[in-house]
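Please read the structure below before turning to the comments.
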Amino acid sequence: MKIHVRSTTPFEGQKPGTSGLRKKVHSFQQPRYLENFVQSIFDSLDNFQGKILVVGGDGRYYNQQAIQIILKMAAANGFGKVLVGQNGILSTPAVSAIIRKYQAFGGIILSASHNPGGKDGDFGIKYNISNGGPAPEKLTDAIFAHTKTVKEYRIADTTDVDLAHLGQTQLEDMQVEIIDSVKDYAELMESLFDFPLIRKMFESGACKMRFDAMHAVTGPYAKEILENRLNAGAGTVLNGTPLEDFGQGHPDPNLTYAPELVNLLYHDPELNFGAASDGDGDRNMILGQQFFVTPSDSLAVLAANAHLVSGYSTGLKGVARSMPTSMAVDKVAEKLNISCYETPTGWKFFGNLLDAEKITLCGEESFGTGSNHVREKDGLWAVLFWLNILAVRQLPVAEIVREHWKTFGRNFYTRHDYENIELHGANDLIHHLRDQIKSLPGKQFKHYQVVFSDDFEYTDSIDGSVSKAQGVRVGFSDSSRIVYRLSGTGTEGATLRVYVESFEPDPEKHHLDAQVALHDLIEIADQIAGIKRFTKREQPSVIT
Ligand code: G16
């Protein structure tokens, strides 16, 4: 095989964020930019020669070009075989499932998740390890260190691989197998949930749903599983064809960016279940008739009802949530007498707990829920979990959630995002908060008294690694809290996230709108951090 060892010089700023390296497409199109990062991944790994790598992406602009480069580099660096999704398509949870099923050494996922795509949009790359999960910080730090010193990259001089047809080809000494993007994943879902029961629910007309794939990667998965295997009816899946620019949409399943679906569930009386997933298929949004289930509540409801679902009926080992996620699931864990872990934002922090079998379910406020079936959050999995619960309980979504609140109390919760603000102002705001950490406890704001304040630090109970400065927390005497952190997934300026939560045991007050129930705390959040002053914004850009 002819291998070129090409000279290169480092690019600045190739630091993986919350979930891999995300930049504008234009950045990735610069000669050597992707090559440097891929070589830095390979240089950070040991003993992968002859082993299997899984490669796929969410279908956004530049996906296929990037895959061709990665294949040639994988061949030149000594991988034995690469499994690639047909047409370069693999959702993030599917990559995780495939790595595990075929005992691959790791996988490369090309996605910028929910960020917009297209020529002027975002692109991204992340590396997953052999357990199927995101590379832990130790590895992403090593990759970043390599990007700062990379001097050459290895690439095979060979023709492009045909990604459109299933089957095996040889890329010099390395085998490339183009695999069905959906099959392995669909089989895994079928092993976890009661498909005959869910099918019966659809066929009887008891459930009529719409799934918005947002022109992103989940379209083919949702069509195969919901329409073909579960007979939910043709037309159940909206925007089901993956497009390079996601139909110019923002493939982020929330109330702001999925208006078509929200409108249907609020105005079409025939529909009683709605769901959506994001660019790479790991996020989910759940809607009932005129009802939005917050991701934090969704995790709590899944945990409380897991015993009804075949794949989880033997009980949960424990649960985990990211720190800013509401404490609703903590209440369920308490009742089930199982452990509840609090981790920093980022799915990678759940990996060790899942591998050590400390937890079965985990989730984040950022529309991510998952379990030990893979090592990524999983959008369609969450939808199927809900469908299985609906099929067993035969109650509307809203009733299930209201009943849950009655049993466990309601954690009112909201997240206010200030997107694309000036980096300078964002950093100043965080410094301003850090300066107050010591002086805040004891202070009174309206009828809330601060009892603690810190910058969240996490020690992994399995490997002892420590992650510092993961978000400033302000906790009040009634267990309400405000959390501030800067997003690690944006590509322009900075995004400030402000998370506000308070617990309400009184069912008479559970009907309140979260923005109303949290009104005072939202004002206090601004008072403490000077949000308007530092961001120069009067309003958040997204409220969830
Ligand atoms: C990624 C991570 C999640 C994280 C989310 C938001 O999700 O995998 O763990 O919660 O970003 O992170 P941030 O608040 O730093 O923007 P995804 O779906 O974008 O890969």
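Start at 1 and go down the list; that is how both ligands and their atoms are numbered.
- Judged by the 6.0 Å and 45° rule, Lys331 forms a cation-pi pair with Phe503.
- Side-chain atoms of Asp378 and Tyr185 form a donor-acceptor pair, as typed in the model, at a separation below 3.5 Å.
- Judged by distance alone, the side chains of Ser113 and Asp278 do bring a donor and an acceptor atom under 3.5 Å apart.
- The pair Arg210-Asp212 fails the salt-bridge criterion, with no side-chain N (NZ, NE, NH1 or NH2) lying under 4.0 Å from an Asp/Glu carboxylate O.
- A cation-pi contact links Lys148 to Phe144, judged by a cut-off of 6.0 Å to the six-membered ring centre and 45° from its axis.
- Near ligand 1, residues Thr18, Ser19, Arg22, Ser113, His114, Asp278, Asp282, Arg283, Thr345, Gly346, Trp347, Glu364, Ser366, Lys377, Arg485, Ser487, Gly488, Thr489, Arg497 come within 4.0 angstrom through at least one heavy atom.
- Ile52 pairs by the side chain to side chain contact (heavy atoms under 4.5 Å, CB included) definition with Lys81, Leu83, Ala104, not counting sequence neighbours.
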